[in-house]
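Data block below; observations after.
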Amino acid sequence: MTTPRRPRVFMDIAVDGSPVGRVIFQLFADIVPKTSENFRALCTGERGKSLTSGQTLYYKNSIFHRVIPEFMIQGGDFTKKNGTGGESIYGAPFPDEDFSLPVDSAGLLVMANRGPHTNSSQFFITLAPAEHLNGKHVVFGKVVRGMEVVKAIEEIQTDAKDNPLKKVEVVGCGELEFKGQPGTTAAAAAAATTSRAAPSKRERSPSRSRSRSRSRSGSRSGDSSGSEVESDEEERARRERKRRRKEEKREAKRRRKEEKKLAKATARAGSADGSNAVDPPVMETEEEYDLRLEREEQERREAARLEAQKRQREISKMGKIDERTGIRYKGRGQMRFNDPEKYRSRP
């Protein structure tokens with residue numbers, strides 16, 4: 001039996017409306033399942049609205065309200081967005097689950113609290129080891145990709161209360177689906193399923209091939225009554241085609257036998273460990289998983305860049321409006337433009 005993979009969730013971060021990247025977390029659901037499930041469900045928003053407060057239990061559009069360089073960045077207050085709110089999927093604050101994992105490195109995902117057994121939705125990401133928090137805060141995950149985004153948030157200037165002077169917002173979040181099981185490669189799974197692939201056209205319809213050969217032989221026999229015997233070259237070609245067909249049939253029969261043996265062996269293995277699975281799914285390795293995430297991140301950044309260029313073109317085309325005076329400025333030099341409808345002379 002293989003152990004289940006630790007879930008992975010993500011957050012897409014924007015600073016003052018400009019996307020800066022994605023942070024991917026791995027949750028330690030095998031050590032702190034209740035705390036990990038709280039964070040995972042708040043990333044997906046699958047619980048809907050809270051029965052207690054009426055707020056949507058969702059990290060999207062929440063902010064990182066506290067940034068302390070060389071220590072941590074804190075977020076998760078989706079109710080008040082100032083560090084005084086937050087709510088767990090369990091309604092009331094839930095107790096500290098496990099202190100066995102130390103706060104001994106950067107990139108750890110840790111629950112924020114107001115004292116013992118007051119966990120809700122607020123969390124922080126460490127920027128350095130913080131051993132003084134051991135035994136006080138629950139570590140339930142770590143950053144596996146996007147630490148450069150966390151470092152970019154760390155560099156934002158803050159006020160005297162450690163509040164960032166720019167809006168650091170979670171513009172998107174959710175759970176990543178891992179298509180595979182540990183210890184099995186995609187190549188091995190693909191090789192195991194090759195024998196179950198669709199047969200060729202000849203193997204699917206041998207009767208059709210026989211009927212065509214019979215029709216051809218019948219036509220030849222009909223034509224031979226009024227014509228000469230076919231040449232030696234045509235006869236050799238016909239025999240060669242017949243020989244190839246026989247070999248293909250033998251190969252198809254051999255593959256079917258192998259497929260049956262494999263199915264029986266898989267069924268016996270499944271019954272031995274208590275599972276009913278027969279066909280192993282096509283797996284995805286850790287390397288393939290990381291490459292896919294990197295490709296998706298590049299595509300997301302390119303889409304954000306194109307969207308920003310599109311907005312800039314629209315702004316330059318429509319002109320910039322001064323919020324104080326209502327005057328529109330157009331062109332590269334922002335020439336003054338008076339709206340004729342607004343400033344036309346009265347009769």
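On a predicted model such as this, the values are computed, not experimentally measured, just so you know. What you see below is based on every heavy atom in this structure, not just the backbone, and it leaves out hydrogens, waters and symmetry mates.
- By the side chain to side chain donor-acceptor pair (under 3.5 Å) test, Thr84 pairs with Asn82, sequence neighbours left out.
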Which pairs of donor and acceptor atoms, one on a side chain in residues 305-312, lie under 3.5 Å apart (sequence neighbours left out)?
residue : atom : partner : partner atom : Å
Arg305  : NE   : Glu302  : OE1          : 3.3
Arg305  : NH2  : Glu302  : OE1          : 3.4
Arg305  : NH2  : Glu302  : OE2          : 2.4

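- Residues satisfying the side chain to side chain donor-acceptor pair (under 3.5 Å) test with Asp77, not counting sequence neighbours, are Thr79.
- Clustering ILVMFWY residues whenever any of their side-chain heavy atoms sit less than 4.5 angstrom apart, transitively, puts Ile68 in the very cluster that holds Val139.
- Residues passing the side chain to side chain contact (heavy atoms under 4.5 Å, CB included) test with Gln298 are Glu294, sequence neighbours excluded.
- For residues 13-29, the side chain to side chain donor-acceptor pair (under 3.5 Å) pairs, not counting sequence neighbours, are Asp12-Arg22.
- Under a cutoff of 6.0 Å and an axis angle of 45°, Lys34 and Phe140 do not form a cation-pi pair.
- With sequence neighbours left out, the side chain to side chain donor-acceptor pair (under 3.5 Å) criterion links Arg40 to Glu37, Glu46, Glu175.
- Classification of the Phe71-Phe124 ring pair by plane angle, with boundaries at 30° and 60°, yields tilted.
- Pairs passing the salt bridge (charged side-chain N to carboxylate O under 4.0 Å, His left out) check and including a residue from residues 88-114, sequence neighbours excluded, do not occur.
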For residues 53-67, run the donor-acceptor check on the side chains, cut-off 3.5 Å, and write out each pair with its distance to 0.1 Å, sequence neighbours left out.
residue : atom : partner : partner atom : Å
Ser53   : OG   : Gln55   : N            : 3.3
Ser53   : OG   : Glu87   : OE1          : 2.5
Tyr59   : OH   : Ser121  : O            : 2.5
Ser62   : OG   : Tyr59   : O            : 2.5
Arg66   : NH1  : Gln74   : OE1          : 3.3

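- Considering only residues two or more places apart in sequence or on other chains, Arg250 meets the side chain to side chain donor-acceptor pair (under 3.5 Å) condition with none of them.
- In this structure, Lys253 has no salt bridge (charged side-chain N to carboxylate O under 4.0 Å, His left out) partners at least two apart in sequence or on a different chain.
- Taken together through direct or relayed side-chain contacts under 4.5 Å among Ile, Leu, Val, Met, Phe, Trp and Tyr, Val9 and Phe28 form part of one hydrophobic cluster.
- Residues Ile156 and Met11 share a hydrophobic cluster, clusters being chains of Ile/Leu/Val/Met/Phe/Trp/Tyr side chains in contact below 4.5 Å.
- Salt bridge annotation for Lys151-Glu154: present, with a cationic side-chain nitrogen under 4.0 angstrom from a carboxylate oxygen.
- Linking ILVMFWY residues whenever their side-chain heavy atoms come closer than 4.5 Å, directly or via other members, leaves Val15 and Phe10 in distinct clusters.
- A search for ring-ring contact (aromatic ring centres under 6.0 Å, His included) contacts involving Phe99 returns nothing, not counting sequence neighbours.
- With sequence neighbours left out, the side chain to side chain contact (heavy atoms under 4.5 Å, CB included) criterion links Arg243 to Glu240, Glu247.
- The hydrophobic cluster containing Leu176 does not contain Val150, counting ILVMFWY residues as joined when their side-chain heavy atoms lie under 4.5 angstrom apart, directly or transitively.
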